[in-house]
Amino acid sequence: MGLLSDPVRRRALARLVLRLNAPLCVLSYVAGIAWFLALAFPPLTQRTYMSENAMGSTMVEEQFVGGDRARSFARDFAAYRRKSGALPVAWLERTMRSVGLEVYTQSFSRKLPFPDETHERYMVSGTNVYGILRAPRAASTESLVFTVPCGSDSTNSQAVGLLLALAAHFRGQIYWAKDIIFLVTEHDLLGTEAWLEAYHDVNVTGMQSSPLQGWAGAIQAAVALELSSDVVTSLDVAVEGLNGQLPNLDLLNLFQTFCQKGGLLCTLQGKLQPQDWTSLDGPLQGLQTLLLMVLQQASGRPHGPHGLFLRYRVEALTLRGINSFRQYKYDLVAVGKALEGMFRKLNHLLERLHQSFFLYLLPALSRFVSIGLYMPAAGFLLLVLGLKALELWMQLHEAGVGLEAGGGPGPSAPLPPAQGVGLASLVAPLLVSQAMGLALYILPVLGQHVATQHFPVGEAEAVVLTLLAIYVAGLALPHNTHRVVSTQAPDRGWMALKLVALIYLALQLGCIALTNFSLGFLLAATMVPAAALTEPHGPRPLYAALLVLTGPAATLLGSLFLWRELQEAPLSIAEGWQLFLAALAQGVLEHYTYGALLFPLLALGLYPCWLLFWNVLFWK
Amino acid sequence: MAAAMPLALVVLLLLGPGGPARAESPRDSLREELVITPLPSGDVAATFQFRIRWDSELQREGGLSVLLKADRLFHTRYHSQAVHIRPICRNARCTSISWELRQTLSVVFDAFITGQGKKDWSLFRMFSRTLTEPCPLASESRVYVDITNYSQDNETVEVNPPPTTTYEDVILGTRRTYAVYDLLDTAMINNSRNLNLQLKWKKPPENEAPPVPFLHAQRYVSGYGLQKGELSTLLYNTHPYRAFPVLLLDSVPWYLRLYVHTLTITSKGKENKPSYIHYQPAQDRLQPHLLEMLIQLPANSVTKVSIQFERALLKWTEYTPDPNHGFYISPSVLSALVPSMVAAKPVDWEGSPLFNTLFPVSDGSSYFVRLYTEPLLVNLPTPDFSMPYNVICLTCTVVAVCYGSFYNLLTRTFHIEEPSTGGLAKRLANLIRRARGVPPL
């Protein structure tokens with residue numbers, strides 16, 4: 001600190017920062033990206049290991065043999081479901097009661113803000129059925145949840161069958177120390193959200209539901225299962241939850257343990273595990289998985305019903321049975337045994353899962369990158385913004401010095417002009433861009449009925465198109481707002497605005513990177529170069545193109561293409577556009593139905609900030 | 001039989017406690033009994049009671065105690081044990097006393113596991129033992145089977161062997177019928193060499209809702225996150241037409257800071273004003289919150305009592321060794337006089353079966369019930385105990401190193417102080433130069 005309080009050395013340092021600013025920025029950006037790409041390579045990835053003592057050394061013996069029973073339950077369930085066209089509540093109640101559970105139902109209804117075209121639903125009402133297996137000689141203070149979501153189509157009936165067969169098997173055992181809740185929800189995640197809100201007696205998303213009748217204490221962990229075939233070739237595990245929250249790594253380790261024990265083939269993001277980490281192939285494959293996870297986590301949408309449990313601090317993950325063209329297939333007994341093992345180990349827990357990591361990235365199922373190792377990547381990117389802001393601040397400083405005090409050593413002089421220019425001219429663009437953001441957040445849903453009356457579009461289309469219209473209108477609007485600026489220092493106006501915008505962006509990205517690294521990193525990687533380069537001089541069209549291509553909307557579009565590319569299902573342009581429109585609608589819907597924060601974050605935070613840079617670019 | 005029962009009662013009344021003619025109270029007497037009752041949940045409860053009065057050491061084997069086999073008793077959903085010892089006067093002037101030991105063991109068998117999905121039960125299936133002989137020391141050794149709900153239509157259920165006698169009494173406000181098997185009755189055992197009581201359903205019981213008790217309660221924590229929450233207690237009064245008051249006693253640890261102004265009591269959608277509230281606020285680390293309320297429960301209603309709380313931060317030495325397990329909040333205690341369906345007669349404690357003492361009766365029109373709700377598990381904000389050292393060190397260093405200097409840098413401006421060279425001569429020269437109008441040196 002002595003370095004900075006000594007004016008002579010300070011000036012030298014300032015000169016260094018000013019002179020080497022561009023190379024430093026480039027170096028920092030490249031370092032950030034390189035660090036991120038290096039995350040999949042062995043010194044930075046580590047082997048996962050079980051931290052929780054209660055689940056570590058004690059091996060359990062799985063005895064589940066109810067494969068036939070599961071299949072017959074599944075057949076009955078599918079038949080009843082076809083007959084009634086909805087979840088066969090009465091049949092489920094009867095069956096759960098017959099396997100000895102304490103059964104309750106919960107009905108819920110929800111009117112979505114606008115029709116959901118992907119899932120074809122608008123006014124949703126359904127019924128959740130859950131059965132509680134009470135642990136003997138215990139006081140119902142803790143519980144585990146096994147949940148199966150049922151959508152509108154007749155998938156997942158095998159999962160229901162397996163749930164019932166496992167319930168019947170679990171019911172005959174006496175070693176349970178925690179109650180187990182077997183939950184079948186209707187309408188996928190909407191039902192899960194309704195049940196969770198009712199269980200915790202809160203109302204986060206405006207869901208209308210009947211109060212629950214039965215409780216089973218604090219939920220310690222949850223496992224969701226999606227299974228649509230009698231045999232599976234592999235099990236895929238999903239960890240990313242709402243707003244990028246992740247379950248404790250120990251839960252994933254537990255799943256992996258039982259995959260290995262049962263010889264099951266397990267995948268992450270649909271990708272097989274690389275075996276060889278010493279050569280280049282393994283890490284490269286890991287990098288693909290890592291990128292997929294980053295995209296998935298950045299989207300902030302729950303990657304399965306488990307994602308909604310995380311809000312309530314219930315560690316949860318989703319298992320998906322995949323039936324592909326692979327030769328070797330596993331039947332329901334193998335899956336059931338893995339689940340039985342997991343539940344028995346979770347039953348051993350003395351405390352909530354807390355020992356292992358909550359913030360991590362996964363290049364493979366058995367490898368992880370901890371927060372301490374991936375954070376520098378985001379740090380380097382944000383450093384670019386910091387360096388640029390520092391440069392601007394010093395330039396403003398020196399411009400002030402040059403104007404007011406001539407060559408004299410007047411150190412107190414630069415402050416007043418810098419402030420004077422800043423405040424007056426900054427208010428208008430800041431206000432206008434924030435107002436645009438607010439409009440982007442509120443108007444699409446609010447104005448959907450007006451739009452449908454005046455244009456030949458449906459509600460969902462109206463919302464998406466309004467969204468895009470406001471987004472584009474924002475580009476036209478604000479660069480006419482700086483007429484008030486004094487003419488005496490033409491450069492200082494945009495410099496002050498850019499300074500504010502840089503700091504604003506750096507703060508936002510820093511906060512996002514702390515809570516959802518993937519989103520923060522993705523936005524930083526795209527927005528930082530344009531933000532650093534933008535200025536009203538030089539090749540304006542080039543800058544403008546760069547800004548548009550790295551804006552929030554273009555980032556989303558690019559991410560969609562990258563995502564499908566990594567999944568080895570590349571998109572054509574038209575498909576990509578359709579997917580983009582659907583993703584916009586989904587993003588808005590998920591904000592209203594589950595409380596996902598990506599939409600408000602982009603609309604109220606990053607979009608206005610990005611408009612400020614646009615404003616800088618077209619400064620006259 | 002019905003005539004014989006009151007007769008026996010009268011005879012025993014004469015020998016009742018406290019009576020003046022109690023001079024020859026039975027010495028070294030042992031009474032044992034087993035009561036088997038169905039529960040609303042569909043499970044079967046078995047309650048053993050052994051009452052011994054002894055002057056000297058007494059050892060016994062046989063009788064009901066052959067059923068007490070540990071591996072079966074721990075295969076159950078619930079068990080509780082109680083031991084009562086009390087002195088009994090041997091004569092009116094109480095010059096010498098006997099001791100009475102009463103042992104109670106209550107076990108709830110999981111009907112689903114023991115009956116393989118059916119509701120049938122037998123002694124052998126529950127205990128893996130049958131009764132072979134009465135205890136040689138026992139003066140009374142009986143098995144009671146609750147057959148209240150089955151006795152109306154004998155087609156649905158069959159108790160085997162058929163009881164020779166039945167016993168009727170008012171228990172918890174309803175009339176119950178018990179089949180009585182007296183092991184001292186030699187015909188009982190000798191017929192088959194062993195007694196394996198069993199109950200069989202002739203046709204499967206329809207899935208009608210089992211009769212629930214008039215008063216029951218549930219409790220849960222609502223809300224999420226580590227800052228706030230809400231304690232909710234649901235009180236159910238299922239009595240079809242009678243409202244009755246309930247005394248609700250809550251003792252909540254100080255680290256949940258209750259907001260008493262958020263206390264809401266609603267029944268049937270309307271606010272329910274308690275007729276009496278006693279609240280003693282908590283003192284940190286000294287005493288818990290105490291909240292006691294008298295609430296009138298309307299007939300056939302659910303009453304929700306909820307109060308919000310904030311989770312306190314504990315000192316880091318105050319956490320338990322397993323802080324992430326959560327902290328237990330003790331159950332609420334509900335005390336109520338629940339109206340009876342059938343008026344109870346005054347009971348003679350000596351003569352009636354031992355299990356009657358488990359259900360005290362205050363007067364004929366109501367009976368006393370004390371319920372404990374489930375305990376709750378609440379997570380408090382918990383630091384990561386593996387890290388405090390690092391965190392404290394790092395934080396202190398950062399604060400110490402950075403804060404002062406940054407504050408300095410942000411609030412002050414720095415001048416370069418030119419060293420005052422020259423001293424007096426220079427000052428003089430400057431004075432002259434100023435007088436001449438020339439800039440100073």
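Throughout, protein chains are lettered first and strands after them, A, B, ... in sequence-line order, and every chain is numbered starting at 1. Side chains included, hydrogens not; waters and symmetry mates left out as well; all remaining heavy atoms used.
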Next item on the list: Can you measure from CD (E374(B)) to OG (S330(B)) and round to the nearest 0.5 angstrom?
Entry: 12.5 Å
Notebook entry, point to check: Passes salt bridge (Lys or Arg N to Asp or Glu O under 4.0 Å), D250(A) versus R352(A)? Steps please.
Noted result: CA-CA 11 Å; D250(A) 266 346; R352(A) 261 170 207 271; over 6 Å; no
Checklist line | Contacting moiety of Y78(B), where chain A heavy atoms sit under 4.5 Å | finding: backbone
Item checked: Residue part contacting chain A, namely of Y372(B), when any heavy atom lies under 4.5 Å -> neither
Next item on the list: Give, as side chain, backbone, both or neither, the part of P323(B) having an atom under 4.5 angstrom from any heavy atom of chain A.
Entry: both
Notebook entry, point to check: Which atoms of Q220(A) come close to chain B, meaning under 4.5 Å heavy atom to heavy atom: side chain ones, backbone ones, both, or neither?
Noted result: side chain
Margin query: Under 4.5 Å from any heavy atom of chain B, what part of I174(A) do you find: side chain, backbone, both or neither?
Written below: side chain
Next item on the list: Could you go through the ring-ring contact (aromatic ring centres under 6.0 Å, His included) check for H216(B) and Y236(B) one step at a time?
Entry: CA-CA 5 Å; H216(B) 60 275; Y236(B) 294 85; 4.6 Å; yes
Next item on the list: Below 4.5 Å from any heavy atom of chain B, which atoms of A139(A) appear? Answer side chain, backbone, both or neither.
Entry: both
Notebook entry, point to check: Contact part of E93(A) toward chain B, heavy-atom cut-off under 4.5 Å: side chain, backbone, both or neither?
Noted result: neither
Next item on the list: Please determine, by modelled atom types, if Y259(B) and E310(B) share a side-chain donor-acceptor pair under 3.5 angstrom.
Entry: yes
Check: What part of E102(A) is in contact with chain B, defined as an atom under 4.5 angstrom from a non-hydrogen atom: side chain, backbone, both or neither?
Finding: neither
Notebook entry, point to check: Looking at V378(B), L234(B), V302(B), T76(B), which one has more heavy-atom pairs under 4.5 Å with chain A than the rest?
Noted result: T76(B)
Checklist line | Side-chain ion pair, R137(A) and D110(B), N-O less than 4.0 Å | finding: no
Note to self: If I take atom OG1 from residue T264(B) and atom CD from residue Q308(B), how far apart are they, to the nearest 0.5 angstrom?
What the structure shows: 8.0 Å
Next item on the list: To the nearest 0.5 Å, tell me how far T320(B) OG1 sits from E351(A) CD.
Entry: 7.5 Å
Next item on the list: Heavy atoms only, distances under 4.5 angstrom: which of Q355(A), Q213(A), Q173(A) has the most pairs with chain B? Name it, please.
Entry: Q213(A)
